[in-house]
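Structure record follows, encoded as structure tokens.
Any value given below was found using the heavy atoms of this structure, including those in side chains, with hydrogens, waters and symmetry copies removed. Every number for a ligand or one of its atoms is a count from 1 in the order of the listing.
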Amino acid sequence: MTLSARWHDLVDRLADGVHLLAVSKGHPATLIRQLAELGQQDFGESRLQEALPKLEALADLKGLRWHFIGRLQANKVRGVVRSFAVIHSVDSLALAERISRIAVEEQCCPQVMLQVKFRDDPSKGGFSQEQLKQAWPDLIQLSHLQLIGLMTMAPIGLSLEQRQELFGQCRELADQLGLPDCSMGMSGDWLEAMHAGATWLRLGSLLFGARSMAKSSSVDDINAV
Ligand SMILES: *Cc1c(COP(=O)(O)O)cnc(C)c1O
């Protein structure tokens, strides 16, 4: 199947209210442009230094919305706030505070999802449910963040039922907190995530095929499975 056929096939299978985030990390701007011509507007990148040249190459496309999905280091916050509309991977109160402070200076209000871990998984960042509930009163005070949802990733090795349960827990917690969005589901588990109430599916390899571009650094990739 061509990229265009894969995109149409996926979009046709999305339930109402579910959005496709095309995860373009590891793929060149030319492929992003092809998808944009079909009508895809939301693209996800996990490393600022990889994303910036692509954003520049695509600056003539006005409707694109960039989503940051990787582990966000403190020294990259300003660059991300300047260029990305949505940040899916806010994994601590300190990071949220920093984003809000810099958003004040940059005069913008990024949309933010809080990354939550529903299972112990030392390889991934994220709030535990406990930590999130503790931080919540402080998080909702941050004036320049638009808190829109939760993001989660299923650890590898879970059974189908365990993944369904995990995604269900994420949907339930988002509902409790009054957050509309759940960013969950990747190429290997997007159907379970969609059935459990995801609103954003983050799909890379299923859409683009295997990632091809060389990685320039591994530090930012801890999250970028
Ligand atoms: C790379 C990545 C994805 C996409 O993964 P695929 O398995 O290629 O669909 C989704 N979410 C995050 C956070 C990623 O880093």
Check: So, are E50 and K25 salt-bridged, with charged N and O less than 4.0 Å apart?
Finding: no

Next item on the list: Flag the pair L72 / L48 as yes when at least one side-chain heavy-atom distance between them is below 4.5 Å, and no otherwise.
Entry: no

Note to self: If we set the cut-off at 4.0 Å for heavy atoms, which region of H88 has an atom near ligand 1: side chain, backbone, both, or neither?
What the structure shows: neither

Checklist line | Within-cut-off N or O pair, R211 and ligand 1, under 3.5 Å | finding: yes

Check: I69: heavy atom below 4.0 Å from ligand 1, yes or no?
Finding: yes

Next item on the list: Answer with yes or no whether the hydrophobic clustering places V104 together with L93; edges join I, L, V, M, F, W, Y residues whose side-chain heavy atoms lie under 4.5 Å apart.
Entry: no

Margin query: Taking 4.0 angstrom as the limit and counting only heavy atoms of R202, give me the atoms of ligand 1 inside it, by number and element.
Written below: 4 (C), 9 (O), 10 (C), 11 (N), 12 (C), 13 (C)

Check: Any luck finding a side-chain donor-acceptor pair between R71 and Q115 under 3.5 Å?
Finding: no

Note to self: If the cut-off is 4.0 Å to any non-hydrogen atom of L203, which atoms of ligand 1 fall inside it?
What the structure shows: 9 (O)

Next item on the list: State the CG-CG distance between L147 and L142, to the nearest 0.5 angstrom.
Entry: 7.5 Å

